[in-house]
Number of protein chains: 2
Amino acid sequence: MHMDDSSRITIVEVAQYAGVSTATVSRVINKTGPVSPEAAAKVYAAIEALNYRPNAAARGLASRRTNAIGLLIDEVNGEFFLPMLRGVENAVRQRGMDLLISATHGLDKTSYPLGENSTDGLIVFADSLPKEEILRLHKIGFPMVLLYRSSPPNLSIPCVTVENKDGARRMVDYLVEKRGYRKIAFLEGPDSHEDAYWRKIGYQESLAAHNIPFDPKLVSFGGFDEAQAHLSVSRWVEQGLKAEVIFAADDDSAIGVMIALKEAELRIPEDIALVGFDDIRLAAYLDPPLTTVRAPIEQAARIAVEQLVKVIRGEEVGLITLLPTELVIRRSCGCC
Amino acid sequence: MHMDDSSRITIVEVAQYAGVSTATVSRVINKTGPVSPEAAAKVYAAIEALNYRPNAAARGLASRRTNAIGLLIDEVNGEFFLPMLRGVENAVRQRGMDLLISATHGLDKTSYPLGENSTDGLIVFADSLPKEEILRLHKIGFPMVLLYRSSPPNLSIPCVTVENKDGARRMVDYLVEKRGYRKIAFLEGPDSHEDAYWRKIGYQESLAAHNIPFDPKLVSFGGFDEAQAHLSVSRWVEQGLKAEVIFAADDDSAIGVMIALKEAELRIPEDIALVGFDDIRLAAYLDPPLTTVRAPIEQAARIAVEQLVKVIRGEEVGLITLLPTELVIRRSCGCC
DNA sequence: CTATGCTATGTAAGCGCTTACATCTGGTTA
DNA sequence: TAACCAGATGTAAGCGCTTACATAGCATAG
């Protein structure tokens, strides 16, 4: 680094300037332990005068606390990410903590930089971390909260997610009961992703409840990804897909579907209807506006931070937080 | 924290297990200094066997390097943010560094948690940090790169941004020369934001070049914000705005404009045309698709990281990186 | 054979904080 | 008045690393 070492102000300089001990300075800064108003005033003055900034590393080393929480994600991708980050960032900042972010995408997921020694706790998003590593962290008692992923059996790691199954089920219920569709194609998400799993289950449950046989030909891979969905649907169309509506497992893939259908000159919803899941910001602006299931992404993120902070403090937290989803009916499903 | 102290593995345990000194372990881990293949193998084996993870705080304290870069933003808001973060995250990870993110929104910007003692360098986005603090950091030689903000005079802090003035100017040139508009309203961004400043200058320069008198009545405040733009345009319309086209200083505010115009039952582009700036992902999907100026947001972020890393390493970098913008013509400007 | 210069390794002094413990006040209480 | 206690402060021992410096071994050069 290129810093001017001579100008480095440490707690020692502050203590000298203020005429107190370093312990007192520390007490003032951290509001730990009793300090007389006069001493506190002198310390604040010294800090101001010297432009002192505490060294986070030294602090962390001495206190074994980092005052930071880590967010582990797979990669920065998809509109989904923005509200999630906003929720996390706001909640973290509100508590005066720092936020570290790391994407494990492509990495050996066991060498991610965050973890037990860089943060006080971790929010693990979806499948950003392999089960073994989660086990390891849990075993050493490291605070963790899982976001959009459930705890491995018997492990009791708090997790927060949305009612994926229920949301998907209600969407299909609606398509069948209100719109009268019976040929409902499903564009599923990645296997490893729990959201994807439960949404598919919800889809299947609703079909079963309405005595519609499950047809594997009506299921293809969307991968929670615009490009992948685009590709899959283009192929489907070539092969003469017979469906009245496509249920894309998330809105990002719904966009891919929309593009593919437009390319195939199929009108939405006249020729084929389309619905998604998440209600990302884009959804309302698409042409036609997308019917979808609203997932409270930002709220889930915020709650995850709250839970994590509680875990760090050693407080009790509920093991599973399941946030309700809500049907958002727009034109793409043929409602209007 | 709730961690099991007894199980804490430090470099000492690793050294003992491997039968070498801590210095050797450190050398192996950091690939600094010569180590015999045998010793290295023993150390790796020990690390594996004990599941050792180095403590980032201790490392930072001892080496005065954090291996982390900080991204300072105002707040997590707007579609703009996503590609920027993606660019930063990718570039940071590619270099094996960590990323810390902090929003200064609402905070006393002088107490932001990142900085000289938590990171090796800082990417300062737009007006996330007041000039005084930038001065202070620069004075102590702390590595910084400014993103979408130019260096204070005489300070020579590297900055990377896009050709705002040029882009805005070419957009207006296009509106006048190709579309034949002469009543061009401008919805400006926040004063404090340099992008906003230069885009307005570009607008004015083009007007001047085409002998169109600048009319302050045709300028209102969009604030780079959907809601603000919505509000401003609704008022404008009530007051009987006479314009052929609205140039929103960024796409987020263009969305606000679009909503306001639809509420007022004005058709785009038949009754009034609309153009934006940035080409966020949404732009292409709006109804009608938005004519805008494409700014290479992700690329700018990536370059900022590259520059910062060079500064940290003490290498030379260009002071100003100005990335080209590009007109993207879609239906909202009345082109088709 | 000694001087020289590598490479490989160990020793130990911090890095800038926090915090357990000791100390010293002065006010309360019995 | 003596005993006690709580508030205010200081002392100093680490926290887990990195790294300057010292040392040792060994090949090569003179």
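First the proteins, then the strands, lettered A, B, ... as listed; each starts at 1.
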Seminar exercise, completed: In 5'-to-3' order, the base (B), backbone-only (S) or no-contact (-) status of each nucleotide in nucleotides 5-11 of chain C, using a 4.0 angstrom heavy-atom cut-off, is ---BBBB

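Put simply, the side chain of B:S63 gets close to the backbone of B:R59: a donor and an acceptor are under 3.5 Å apart.
Taking the side chain as every heavy atom from C-beta outward, B:T119 and B:F142 approach each other to under 4.5 Å. When side chains are defined from C-beta on, B:H138 counts as touching B:M144, because their heavy atoms get closer than 4.5 Å.
Annotation: the terminal axes of the helix from C:dC1-D:dG30 to C:dA30-D:dT1 meet at 40°, where each axis is the rotation carrying the C1' atoms of four end pairs onto the next four (5 pairs per end, rounded to 10°).
Between the side chains of B:T66 and B:D120, at least one donor-acceptor pair of N or O atoms lies under 3.5 Å.
Within the structure, every pair that satisfies the side chain to side chain donor-acceptor pair (under 3.5 Å) test and touches residues 140-162 of chain A, not counting sequence neighbours, is listed here: A:S150-A:E194.
Considering only residues two or more places apart in sequence or on other chains, B:V12 meets the side chain to side chain contact (heavy atoms under 4.5 Å, CB included) condition with B:T10, B:Q16, B:T22.
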Could you tabulate the donor-acceptor pairs under 3.5 Å formed by side-chain atoms of residues 39-49 of chain B, not counting sequence neighbours?
from, atom 1, to, atom 2, distance (Å)
B:Y44, OH, B:K31, NZ, 3.4

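The distance between atom CG of A:N67 and atom C1' of C:dC17, rounded to the nearest whole Å, is 14 Å.
Each of B:L99, B:V160, B:I69 was checked for a side-chain contact (heavy atoms from CB on, under 4.5 Å) with B:V305, and the lone residue meeting it is B:I69.
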For this session: Give the intermediate values and the outcome of side-chain hydrogen bond (donor to acceptor under 3.5 Å, both in side chains) for residues B:R53 and B:N51.
Result: CA-CA 7 Å; B:R53 309 288 153 111; B:N51 228 320; 2.8 Å; yes

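Between A:F81 and B:F81, the ring centre distance reaches or exceeds 6.0 Å.
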Could you write out each protein N or O paired with an N or O of nucleotides 13-16 of chain C at a distance under 3.5 Å?
from, atom 1, to, atom 2, distance (Å)
C:dC15, O2, B:A62, N, 3.3
C:dG16, OP1, B:R64, NH2, 3.1
C:dG16, N2, A:A58, O, 3.3

